[in-house]
Amino acid sequence: MRRYTSMLLLATISLASCSKDFIEKNNPNGTTVNDFFTSENSVLLAVNGAYSTLRGSNNIGENSGLYTDERSDDTGRDDAQSNAGEPFQFNDFSLLPSNTYLKSHWLSLYQTITQCNAITTYIDKVSFANPDTKAQYLAEAKFIRAMIYFHLVRKWGDVPLVTKTLNTTEEITANTYRQPQATVYAQIVADLKDALQSKLPDLQTGAGVGRASKAAINGLLGQVYLTMASTFQDNRADNLANAKTYLTAAYNMRPFGRLSEIPYADVFDVSKKTSNKEMIFQIVYKQGDITYGSSIAANNQALGETINSQKKALGVGGNVTHDLILDYEPNDPRKTFSVKFAANPQVQDWFITKYRDASDAAGVNGYGGNDTPIMRYADIILMLAEVNMLQGNEAEAITYLDMVRERAGMPLYTVAKSDPDYKAKYPTLKLAILHERRVELAFEHQRWFDLLRFFTTDELVAFFKAKSQANYGNAKLSNFSKKDRYFPIPFDEYKLNPEKMYQNPGY
């Protein structure tokens, strides 16, 4: 049973590894969860630790695109030999249950859940001077837990669902089994609705940036209901109605008038990130800091280029498929800002420039200040276009779609669809919205989830099969099949209990 402890991290653990403060204040071999929660400050440290777990490349932080963007048609990698070809398997749709990156992702997500479970389990041990403070910390933990379970259920389908700290081998054994998606979604919704009852601010500002807010909770809940509408045919109408309600609530909390008031480039300008009105929830990184600085600008930069970072690039940077490049409309400024062609003879390809920090503060080591956008208002607006389209409210859907196109300086939808090329590529409003999400939110870890939401499994197979292999890279589109709707359960999890941790079909 010790393997369950190491993989799912559902047994008694120390919280020290999740936060710098924990490391400084607690011996990870000497403080158990039960002993840790002694004061309001200890709960705050635990909540901060939960946020901190999100940073990692194996979690949902800046360099976690392997599990989302590289699973989609936006990015990939052409070298099947690096790291024994394991990263290549994601984009090549040749993913094996024994893939160590897959296992690390599963483990990291459950680490975050374990951190949140510790807070919800032991918070009642602590006396609070103000009950609103307790409610806030509990809301933040439930928001994070819901967000991570949302990742898990979309990537793996049925997954183990645990919402409390487990202290014995017997408890671990009794709770380590895959539960139906509907049960997981019900818990996600319950956590988010509970979080909405707190007195969190509508939006975070100043030192609070990077923490949960009412807008973030509403936005996530709207996205959850929208995903449920495409996942389950039962209650589809109710799920769409709920999606619209919560997405509208998030939209109405915006601190600006029209989206066009915020230039697209400003959303990603590190010098303006503290005053960024469009961002709803992001993972915060600290410019110039060796521990908490961002590496995404430097990592994405191609050999011979200097646009992203002062750090000298040695490789091809953030690889972009030609399939995405061809999806940008002529004169779309989002293309100019998001990607660049590297002319170096060793590269001769497009790389990602959306995240830049070539400042002296980031320096030659590339310790950038880029935050990882998890949710922003253009995303909310395009989901409102999507839900209205699905409800048959095309005029309202187009209104929301045009908000994003107007900000980008692109022709409004009624004008664009009169263009033969646009009409041929996006013959329906549904495909037009999907296209807009792709070019607006490129490299923000949204594309794969959009494809899962917009298409049934059979439609998704047909969608990938219809693409040009020449525009996709070395990864083989012919590998894509129904099995690729979900990741395989990591082999170390499956083999311990093939009945309760049953493998996904096709693996």
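Throughout, numbering of the chain's residues begins at 1 and tracks the sequence. All heavy atoms count here, side chains included; hydrogens, waters and symmetry mates do not.
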Using every non-hydrogen atom in the two residues, find where Pro97 and Ile489 come nearest and quote the distance to one decimal. CB-O, 3.7 Å
Looking at Lys286, I want to see if its NZ is surrounded by more than 12 non-hydrogen atoms of other residues, nucleotides or ligands under 6.0 Å. no
Glu140 side chain near Leu200 side chain, heavy-atom distance below 4.5 Å: yes
Would you compute the distance between atom OG of Ser213 and atom CE of Met253 and round it to the nearest 0.5 angstrom? 8.0 Å
Lys125 atom NZ: more than 12 heavy-atom contacts under 6.0 Å: yes
For Thr133 and Asn130: C-alpha separation, side-chain torsions, deciding distance, then whether side chain to side chain contact (heavy atoms under 4.5 Å, CB included) applies. CA-CA 6 Å; Thr133 304; Asn130 185 341; 3.8 Å; yes
Would you say Val162 and Asn117 make side-chain contact, with heavy atoms under 4.5 Å? yes
Quick one: sort the Phe281 and Tyr51 rings into parallel, tilted or perpendicular, breaks at 30° and 60°. tilted
For the residue pair Asp458 / Thr456, report whether a side-chain donor-acceptor contact shorter than 3.5 Å exists. no
Given side chain to side chain donor-acceptor pair (under 3.5 Å), test Asn59 with Ser108 step by step and report yes or no. CA-CA 6 Å; Asn59 204 279; Ser108 183; 3.0 Å; yes
Evaluate the criterion side chain to side chain contact (heavy atoms under 4.5 Å, CB included) for residue pair Leu109 and Ile60; output intermediate values, then yes/no. CA-CA 8 Å; Leu109 295 179; Ile60 64 170; 4.2 Å; yes
Only counting residues at least two apart or in another chain, list the ones meeting ring pair (Phe, Tyr, Trp, His ring centres under 6.0 Å) with Tyr507. none
Quick check: His151 with Phe449 (ring centres under 6.0 Å apart)? yes
Closest contact, heavy atoms only, Met501 versus Tyr177: SD-CA, 3.9 Å
So, Asn471 and Asp323: side-chain donor and acceptor under 3.5 Å apart, yes or no? no
Pair Lys273 + Asp371: basic N to acidic O under 4.0 Å: yes
For Asn497 and Arg178, does a side-chain donor sit closer than 3.5 Å to a side-chain acceptor? no
Pair Phe90 and Tyr67, ring centroids less than 6.0 Å apart: yes
Among Asp69, Asp73, Asp450, exactly one meets salt bridge (charged side-chain N to carboxylate O under 4.0 Å, His left out) together with Arg438. Which residue is that? Asp73
Test applied, salt bridge (charged side-chain N to carboxylate O under 4.0 Å, His left out); reference residue, Lys354; option that passes from Glu62, Glu444, Glu440: Glu444
Check the angle between the aromatic planes of Phe93 and Tyr472 and answer parallel, tilted or perpendicular using the 30° and 60° thresholds. parallel
Heavy-atom closest contact (His445 atom, Ser64 atom, distance): NE2-OG, 3.5 Å
Is the count of non-hydrogen atoms from other residues, nucleotides or ligands lying under 6.0 Å from Lys482 atom NZ greater than 12? no
Proximity of Trp156 and Phe487 rings by center, below 6.0 Å: yes
Assign the ring pair Tyr246 / Tyr225 to parallel, tilted or perpendicular, where the plane angle (0 to 90°) is split at 30° and 60°. parallel
For Val189 and Met228, run side chain to side chain contact (heavy atoms under 4.5 Å, CB included): C-alpha distance rounded to whole Å, both residues' side-chain angles, the deciding distance at 0.1 Å, then the answer. CA-CA 10 Å; Val189 169; Met228 289 170 64; 4.0 Å; yes
Can you confirm if the NZ or CZ of Arg55 lies within 45° of the ring axis of Tyr285 and under 6.0 Å from the centre of its six-membered ring? yes
For Ile123 and Thr120, which heavy atoms make the closest approach, and how far apart are they? CG2-O, 4.1 Å
What residue among Lys244, Arg453, Arg437 forms side chain to side chain donor-acceptor pair (under 3.5 Å) with Glu386? Arg453
Would you indicate whether the side-chain heavy atoms of Asn319 and Thr75 approach each other to under 4.5 Å? no
Does NZ or CZ of Arg145 lie under 6.0 Å from the centre of the six-membered ring of Tyr149, at an angle within 45° of the ring axis? no
Reference residue Leu95; test side-chain contact (heavy atoms from CB on, under 4.5 Å); the match among Asn479, Asp484, Leu102: Leu102
How close do Ala385 and Ala397 get, heavy atom to heavy atom, and via which atoms? O-CB, 3.2 Å
Less than 4.5 Å apart, side chain to side chain, heavy atoms only: is that true for Ile374 and Thr372? yes
Please table the atom pairs, donor to acceptor, closer than 3.5 Å between any side-chain atom in residues 215-224 and protein atoms at least two apart or in another chain.
{"unit_1": "Asn218", "atom_1": "ND2", "unit_2": "Lys214", "atom_2": "O", "d": "3.0"}

Can you tell me how far CG of Asn167 sits from CD of Glu171, rounded to the nearest 0.5 angstrom? 5.5 Å
Checking Phe463 now: which residues fulfil ring pair (Phe, Tyr, Trp, His ring centres under 6.0 Å) with it, not counting sequence neighbours? Phe455
Looking at Phe88, is Arg77 sitting on its ring face, NZ or CZ under 6.0 Å from the six-membered ring centre and within 45 degrees of the normal? no
Check the pair Gln89 / Leu96 against side chain to side chain contact (heavy atoms under 4.5 Å, CB included), numbers first and verdict last. CA-CA 8 Å; Gln89 292 175 13; Leu96 299 175; 3.9 Å; yes
Does a side-chain heavy-atom distance below 4.5 Å link Leu226 with Leu390? yes
If the plane angle is over 60° it's perpendicular, under 30° parallel, otherwise tilted; pick one for Phe37 and Tyr122. parallel
